[in-house]
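Below you'll find the structure, written out as structure tokens, and then a few comments.
The first residue in the sequence is number 1, and the count goes up from there. Reckoned from all heavy atoms, side chains included, excluding hydrogens, waters and symmetry mates.
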Amino acid sequence: MSGLRMERVWKPNVTVAAVVERDGRFLLVEEETSDGLRFNQPAGHLEAGESLVEAAAREALEETAHPFTPEFLVGIYQWPRPDGEVTYLRFAFGGSVGEAIAGQQLDAGIVRAVWMTRDEMVATAGRHRSPLLLRCVDDYLAGQRASLDLLRHYSES
């Protein structure tokens with residue numbers, strides 16, 4: 001198609017995150033990024049064919065070795081990265097986790113899973129992957145909960 005200019009179609013990157021609290025501490029990951037080591041919720045991209053709930057459970061397990069059961073939706077967040085290259089549409093889920101599975105290998109780039117209080121998160125704000133980390137925690141602490149019944153996943157199977 002010479003002479004025709006192909007324009008890039010904008011679309012957000014759909015991601016999921018697990019907001020998990022136990023005894024006043026939240027489950028986070030420390031991960032390698034192009035900006036150095038950063039903290040984030042266990043989070044990642046929705047994969048083809050999976051539901052948002054399935055993606056949240058999968059990502060939490062892959063990044064923390066903790067089985068995660070999503071029980072409610074904390075919020076839906078639209079965040080354009082400051083460089084303007086990518087916009088994320090994050091679905092943050094609250095729920096419960098089991099104990100870490102011994103010997104479970106963490107995803108590439110994940111240094112460790114760590115439990116932090118909100119105050120510890122505030123103290124490390126300069127090392128957050130995005131402002132969504134603290135926003136999701138604050139919404140969780142404010143009691144923001146929506147039923148998973150709001151979500152509908154249709155598949156051919």
Worksheet item: What distance separates I110 CD1 from E63 CD, expressed to the nearest 0.5 Å?
Response: 4.0 Å

Discussion item. I'd like to know if E54 and R58 make a salt bridge, using a cut-off of under 4.0 Å between side-chain N and carboxylate O.
Written reply: no

Worksheet item: Does the distance from a Lys or Arg side-chain N to an Asp or Glu carboxylate O, for R129 and D35, drop under 4.0 Å?
Response: no

Worksheet item: Do F91 and F26 belong together in a cluster built from hydrophobic side chains that touch within less than 4.5 Å?
Response: no

Response to the item:
Scanning both residues in full, the closest heavy-atom pair of C136 with Y77 reads SG-CE1, 3.6 Å

Item to complete: Taking R112 for its side chain and T64 for its backbone only, find out whether a donor-acceptor pair lies under 3.5 Å.
Response: no

Worksheet entry | Candidate pair D107 and E59, rule side chain to side chain contact (heavy atoms under 4.5 Å, CB included), full reasoning | CA-CA 9 Å; D107 263 358; E59 286 290 349; 4.1 Å; yes

Worksheet item: Same cluster or not: are V114 and L134 linked, directly or through other Ile, Leu, Val, Met, Phe, Trp or Tyr residues, by side-chain heavy atoms under 4.5 angstrom apart?
Response: yes

Fill in: More than 12 heavy atoms of other groups within 6.0 Å of D83 CG
yes

Discussion item. For the CZ atom of F39 and the CE atom of M116, what is their distance to the nearest 0.5 Å?
Written reply: 3.5 Å

Worksheet item: Once you round to the nearest 0.5 Å, how far does CZ of F93 lie from CZ of F68?
Response: 8.0 Å

Worksheet item: Got a donor-acceptor contact below 3.5 angstrom from the E32 side chain to the V111 backbone?
Response: no

Worksheet item: About how many Å separate OG1 of T33 and CZ of R127, when rounded to the nearest 0.5 Å?
Response: 9.5 Å

Worksheet item: Is the side chain of H45 donor-acceptor paired with the backbone N or O of T15 at a distance under 3.5 Å, no angle test?
Response: no

Worksheet item: For the side chain of Q104 and the backbone of I101, is there at least one donor-acceptor N/O pair under 3.5 Å apart?
Response: no

Fill in: Exercise: identify the closest heavy-atom pair between Q41 and A17
CB-CB, 4.1 Å

Fill in: Side-chain donor/acceptor of R22 to backbone N/O of V97, under 3.5 Å
yes

Discussion item. Assigning hydrophobic clusters by single linkage (Ile, Leu, Val, Met, Phe, Trp, Tyr; side-chain heavy-atom cutoff under 4.5 Å), is I76 placed with V19?
Written reply: no

Worksheet entry | Gap separating the CZ atom of R118 from the CG atom of D138, nearest 0.5 angstrom | 4.0 Å

Item to complete: State yes or no: do V74 and L150 share one hydrophobic cluster built from I, L, V, M, F, W and Y residues joined by side-chain heavy-atom distances below 4.5 Å, directly or via other members?
Response: no

Discussion item. Using a 3.5 Å distance criterion without hydrogens, assess whether the side chain of H66 forms a donor-acceptor pair with backbone atoms of L61.
Written reply: no

Worksheet entry | Closest contact, heavy atoms only, R38 versus H128 | CD-O, 3.7 Å

Discussion item. Show the nearest heavy-atom pair for residues R25 and E120, with the distance to one decimal.
Written reply: NH1-OE1, 2.7 Å

Practice prompt. Report yes or no: does Q78 contribute a side-chain atom to a donor-acceptor pair with the main-chain N or O of L89 at less than 3.5 Å?
Written response: no

Discussion item. How close do P42 and A60 get, counting heavy atoms only, and between which atoms?
Written reply: CB-CA, 3.8 Å

Worksheet item: In terms of hydrophobic clustering (I, L, V, M, F, W, Y; side-chain heavy atoms under 4.5 Å; direct or indirect links), are L151 and F72 co-clustered?
Response: no

Response to the item:
L106 and A65 have their tightest heavy-atom pair at CD2-N, 3.6 Å

Worksheet item: Got a second to check how far N40's CG is from L28's CG, nearest 0.5 Å?
Response: 8.0 Å

